[in-house]
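Working notes, beginning with the structure itself.
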There are 2 protein chains.
Amino acid sequence: MIAISLLEKYGAIIKTFKNSDTIFEEGKQPTHYYQIISGEIKMNNYNDEGKEFIQGIFYENQCFGEPPLFIDQVYPANAVAVIDSELIIITKNKFFELLENNAEISLNIIKNLSQRLYYKSVMAAEISSQDPEHRVLRLIDYSIAQLNFKKEAAGFLINLTRQQIADLTGLRVETVIRAIKSLEKKGDLKIINRKVYR
Amino acid sequence: MIAISLLEKYGAIIKTFKNSDTIFEEGKQPTHYYQIISGEIKMNNYNDEGKEFIQGIFYENQCFGEPPLFIDQVYPANAVAVIDSELIIITKNKFFELLENNAEISLNIIKNLSQRLYYKSVMAAEISSQDPEHRVLRLIDYSIAQLNFKKEAAGFLINLTRQQIADLTGLRVETVIRAIKSLEKKGDLKIINRKVYR
DNA sequence: AGGATTTTATGATTTAAATCATGTTATCAA
DNA sequence: TTGATAACATGATTTAAATCATAAAATCCT
């Protein structure tokens, strides 16, 4: 999202995280700007019963966790590495300095926040008021549009486990499995040795 | 959000909408920036069965509907006046011109989008994975923190109908009524001639 | 002022998804 | 290579919220 060379001018450092390492925790004060060089990061919450909800999954060149930085609030969710990942990070102060000196970056940030707000709006309506099959299909379609899924002969390979789809849509994994089966029967997607294609 | 005098410099005009008038519709291309001078605007969706979901309710001095403007997408929801309202609007082109010439506005927009993204994140986790009472209480608390609810002797007056709370949380109105009753019994809020206080 | 509509309210019934149980297959780590 | 763990799978049962029905109170409208 922000050029690595520019970040480095402002003292950015590169940090590596192993699979399932925590980058920051819900309720903590934000101190840095984070951008992914390589890997995969999820933001999540756990409810009172320990059920996970995934706010979003982020991939290379994407940033995450900035909103609380701008509005001086604590993190609304945790950030956890899904696979081994390399992040470039700079301190809050340096980040704001960078912004002030590079006016054109602001528009990028606005666009990025707008994109994420758009996703949340669409998914909020879906999650709250549609049947499971519809929710799963909409998440899949949205993920294809936004994320870097590979197009193969059978269609786009949906690079999400059923558990992840469950946690992204607020459903239970058994419900997702049954919904995906049913969607396959209807011809809305394909299952080839357990992998989902659309 | 943006000073009215500044908007007027860029050719803003004032438009009035009556209760339940539509400002724009889901799926349509955005053409203007909208800011509320007075009144109350909701953004909503309807699912396949006609059930309403309210994305958010906006009050005076707030803007709404900008994200699609920035990312060149169609509106993800409708905007409808909840009461008679007065809006100040400028065209997309003039709006971007204003932004270019007034760099300090960008940070305001970033903060505003961040705030809304924060709300969506919190509510997404709530809606997807908590019991109705928790969802209702969290919406009420969030609304107190964000909106201009009046503090009275009995507490903050929650200026939302039970139907609106249902549409904001994805619940049914009967469920909200029962949840509010139950929350009152537990002492989490007060009901004084049908009005809810917290 | 009076009729229509919206909001709040409550009880009975249905239903879809969660939960529980259990097993197979695939993937990961030592 | 194997033992452990994660992912996928399926059937049976439970349960909480939706749905249905009905009505009183408040508010809106002309």
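Computed from a prediction, not measured in an experiment: that's the story for all the values here.
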Nearest whole angstrom, please: distance from the P of dT27(C) to the CD1 of Ile83(A).
-> 16 Å
Taking the side chain as every heavy atom from C-beta outward, state whether Ile54(A) and Gln164(A) have any pair of such atoms under 4.5 Å apart.
-> yes
Will you find, in the side chains of Glu52(B) and Asn45(B), an N or O donor that is under 3.5 Å from an N or O acceptor?
-> no
Would you please name every residue forming a side chain to side chain contact (heavy atoms under 4.5 Å, CB included) with Thr31(A), sequence neighbours left out?
-> none
Please determine if Asp21(B) and Lys15(B) form a salt bridge, counting it only when a charged side-chain N lies under 4.0 Å from a carboxylate O.
-> no
Shoot me the first and last contacting nucleotide of DNA chain D against chain B, ordered 5' to 3', at under 4.0 angstrom to non-hydrogen atoms.
-> dA17(D) to dA26(D)
If you measure only the distance, is there a donor-acceptor pair under 3.5 Å linking the side chains of Glu25(B) and Asn78(B)?
-> no
Interatomic distance, Tyr34(B) atom OH to Phe95(B) atom CZ [nearest 0.5 angstrom] | 12.5 Å
Between Asn19(A) and Arg172(A), who's closer to the 5' end of DNA chain C by nearest nucleotide?
-> Arg172(A)
Do nucleotides 3-10 of chain C as a string where each nucleotide becomes B, S or -: B if the base has a protein heavy atom under 4.0 Å, S if just the sugar-phosphate does, - if no protein is that close.
-> ----BBBB
Nearest heavy-atom contact between Gly65(B) and Tyr75(B) is O-CE2, 3.4 Å
At their closest point, which heavy atom of Gly11(B) faces which heavy atom of Ile90(B), and how far apart are they?
-> C-CG2, 4.4 Å
